[in-house]
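Residue numbers start from 1 in every chain, and the chains themselves are labelled A, B, ... in the order their sequence lines are given, proteins ahead of strands.
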Amino acid sequence: MQPSQGVLLAVLALPFLAAAVTPLLYRVVGERVAYFAAAVAAGAFALIASQFGTHGTVSLQWIPALDVSLALYVDGLSLLLGLIVSGVGVLIFTYSGAYMHDEPGKAKYYTTLLVFMGAMLGVAFAADLLALFVFWELTSVSSFILIGHYQDQDDSQYAARKAMFITVAGGLFMLVGFLLLYTVSGDVLGEATFRLVGTEGALIENAGAMQEGLRSAGLFVPVVVLIGIGAAAKSAQVPLHIWLPNAMEAPTPVSAFLHSATMVKAGVYLVGRFRPLLGTPEWELFFATLGLLTMTVAAILAVAADDIKELLAYSTASHLGLIIAGFGLQSVYGAETGAFHILNHALFKAALFLVAGIVAHEAGTRLLSELGGLWRALPITAAVAAIAALGMAGLPPFNGFYSKELLFEATYHAAEHAGGLWWLLPAVAVFGSIFTFLYSIRFLSLFAGEKPEAIEHVHSPPMAMLAPPVLLATLAGIVGLGGVSATAGIHLGPLEHFIERVVEAVGASEPHFGYHLPTSLTPAAGMSAITIVVGAVTYPFYGRIAAGVQRLIAIDPIRPNFYYDGLVSWLDRTTIVSGTVHTGRLRTYATWFFLAVAGLAIAGYSGAGVVFPAISSLAAEPAMVIVLAVAVVAALAVTRAPSHIAGVLTLSILGFMVAIFYILASAPDLALTQLVIETLVLVLFLLILDHLPEFYGEVDRIRALRDGAVSAVVGITVFLTVLVSTAATPGKPIAQYFIERAGVPAEHGSTLLDFGGGGNIVNVILVDFRAFDTMGEISVIAMAALSVITLIAMRERGETQ
Amino acid sequence: MSADPRPTDSDTTIIAQTSTRVVVPIILLVAIALLLQGHNLPGGGFIAGVLTVTGFALIYIIYGLRYVEQGLLHRTVVPRSLPAGDDESQAGPPISKEFGEIFTTGLALAAGSGLVAMAFDLPFLSQGVLFVEGLPLYGHVEFASALAFDLGVYLVVVGGLLTILAVVGAE
């Protein structure tokens, strides 16, 4: 069934429109705007749910001239992500209503969160590489704003910059990959296209031909790696995972929403989306390695973490690695792993973050070493944490167990087929899972035992903070129980069918998805058993393992953060940039700017093979010759002027000569404008001359030569530009149309629409034929005035506030 | 505050002051004429706007910023040489606020005149002309909808340039 265009556009438009009115609404209803935002998310959720069961593309022209259309595509994968984003969104907004009670900047917070939700839905439904990229970067920008929510804290600023730097840079790698795909698609499909999926000429529909084309161009591996870097940056894969733990500076609902359930899923979504297009042995090697490495490294790091949010951050990276490894493996089990774990992880990890938020909010600390025995004060929270954490640990019959089984099965399958070094995959998967088990139990332990003395009375959380995690844990529990009942023969039909469609969307043909507890000793069941047994045996030594890991990560050269911080602080210290380009002197900027523009223009001309027209005749009227000669003399005189006053007056001679030239060339409007502007400029100069030194300083010869050279380059570029642009004569000149249509026709009624109805063609062009250009120009004037106000009149304000 | 509109913070000559008084009204009148006749004769919103600003710039230079703010806009202005930001009495909105409103209005007018065309199912910024016969004194008059757009251009230019002038002049 075809999805409805109206509904999909509404899904995309709704969050953005809501974000636009949020600041206004906040003035009226205050912090209750959280429930408005939750209602918007619920509306989006309902709209997406109404598209359940549809499949196909809707398309809307966006930039027809560039053949860019806003195409939206619905299949299992996009529905899954869309439902997670909007569904978790409802819960997060509700939770925020209570959590953000005492926090600053609520209007900005809700606006940004809504924009993020819209962008994320855009990522989910975009069928077009360019639209996907735009929404992708928009999520990075909104994440930047949300991480830096506490603007006056250095940690928060550092974290926001780091996240922005890594995810946006990764996005640029991805863009290069997209452009390579676009170029190759031109050779392979006859017509270059950005359309990823859904139509006949789309990339995925011609996956085989595209792979051939990429290989013959030698671009297959580069494209896989480029897209992989984009996904890895966004989904915090090793070694680009370093931004995610810092991102925990954001308010906890943001961590739960962006940095566990949704935004970081954009990367794995991308891998899943491209799997049918690029899925090959190279793909398998790259993503299975990347995913399993991340899964293990991040799980080890999580064990060393003492802050519960940091633990959850590393654990998120680890589970994203699991999903990526799943999507990397080419067997159907791999596809099932990724598809099913996206859902499971969103359910248990969002719940755990919300639990962490409750703990921090009510107990006043986030450090594992200071917490314990919370089950008495927070019994419901403890139950939620139990269901979610055991799911995270991969313990049967909780939901995470089934997707982890699938991963074991997929790695075993791959190893069995390829043999050799591929046996490392199941080994690494088990090894990483042991650490996952350890930190999951450690997280749960903060509810067990006796409460330390240091913790004061713990309040029970408000309803709005408790309901969302309870709902998530209930859903996670139902998914888990579905596996138990399936063992007995009663399947959770709609869920299994839905996951089946997701599996289909990531490139498996005719999938039959079902999950249940293992009934016989399969290799995967054995691997699960090893994980749990080894985990349980080593748990008593948790403290020693954590200390060992901490000693290991204290070694600088193996820490990615060491390289990041080193690079950033080197850029801060170095004078390579600040000494040559960014000097703070206007003349340096002018020099670089003019030279760059001239260089680009000339490079453009030579690149386009522009032929400069021969100058055929130089005949001009004597009056014009005199006027221009005076102008040239004035221009030369400006450079020799002894003082500012003399310089300005000489310069205005030049301007007035140009005005006279316009009169001679029968352009009274231009002449009038030139005269008035020249007068105004003269007046302005006289206004500020008072405050400048009366005479120029001494100019040394080298600087004079350099400035002269810059002037010459700029002058030559402008001269060439004028020559080239005036030499081109279009086949159908438009002037005749203006002449015919500008005036009042001989016969006319009392109103006139087809004609300009004015005697002054220049003005009719300005306000009628080309009114849109004029509109743009006056907007520029308004913007210039605004920037003058903000740069000069308001420059004191920002720093004092 | 003294009601004396005479210049206090400039040292210009009496000749300059007198001729400014004579010239500025003429400049403004010419500017309005240029704006209105722009559709059929040389002129238009942009030129008229720049000319108006030139008139105001003359007043600025000859009579000083304070004269414009006190005498023309009836505002209390504390000399800017005082240290800023010590209490509320100093912190009235800067003069550029009025000018800001001018160019905002202009931009809204120009865009709004374009939207009117869309209400008649024509493309954005389509212009039309209405001919009216038999008005007293004028007889035949041509109303161009472009005049509204041109007025918007005029206001943006006046507001924008005056803002720049005021802010830079205040430095």
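With chain A as the partner, the residue from B:Val153, B:Leu162, B:Leu161 showing the most heavy-atom pairs under 4.5 Å is B:Val153.
With a 4.5 angstrom heavy-atom cutoff, A:Ser787 does not touch chain B via any of its atoms. Interface remark: B:Leu34 contributes side-chain atoms only to the contact with chain A (heavy atom separation under 4.5 Å). For chain B, the nearby parts of A:Val676 are the backbone and the side chain; heavy atoms of each come within less than 4.5 Å. Residue B:Ala117 does not touch chain A at all, counting heavy-atom pairs closer than 4.5 Å. For A:Leu675, no part sits under 4.5 Å from any heavy atom of chain B, backbone or side chain. For chain A, the nearby parts of B:Leu51 are the backbone and the side chain; heavy atoms of each come within less than 4.5 Å.
The two residues B:Phe103 and A:Ala785 make their nearest non-hydrogen contact at CE2-CB, 3.6 Å.
Panel note: side chain B:Tyr154, backbone B:Ala48; no donor-acceptor pair is recorded below 3.5 Å. Using a distance-only test at 3.5 Å, with no hydrogens or angles considered, a donor-acceptor pair links the side chain of A:Asn763 to the main chain of B:Gly38. Remark: side-chain polar atoms of A:Gln674 are not paired, donor with acceptor, to backbone N or O of A:Tyr662 under 3.5 angstrom. A side-chain donor-acceptor contact under 3.5 Å links A:Asp669 to the backbone of B:Gly43.
Around the CD1 atom of B:Ile15, the shell of radius 6.0 Å holds no more than 12 heavy atoms that belong to other residues, nucleotides or ligands.
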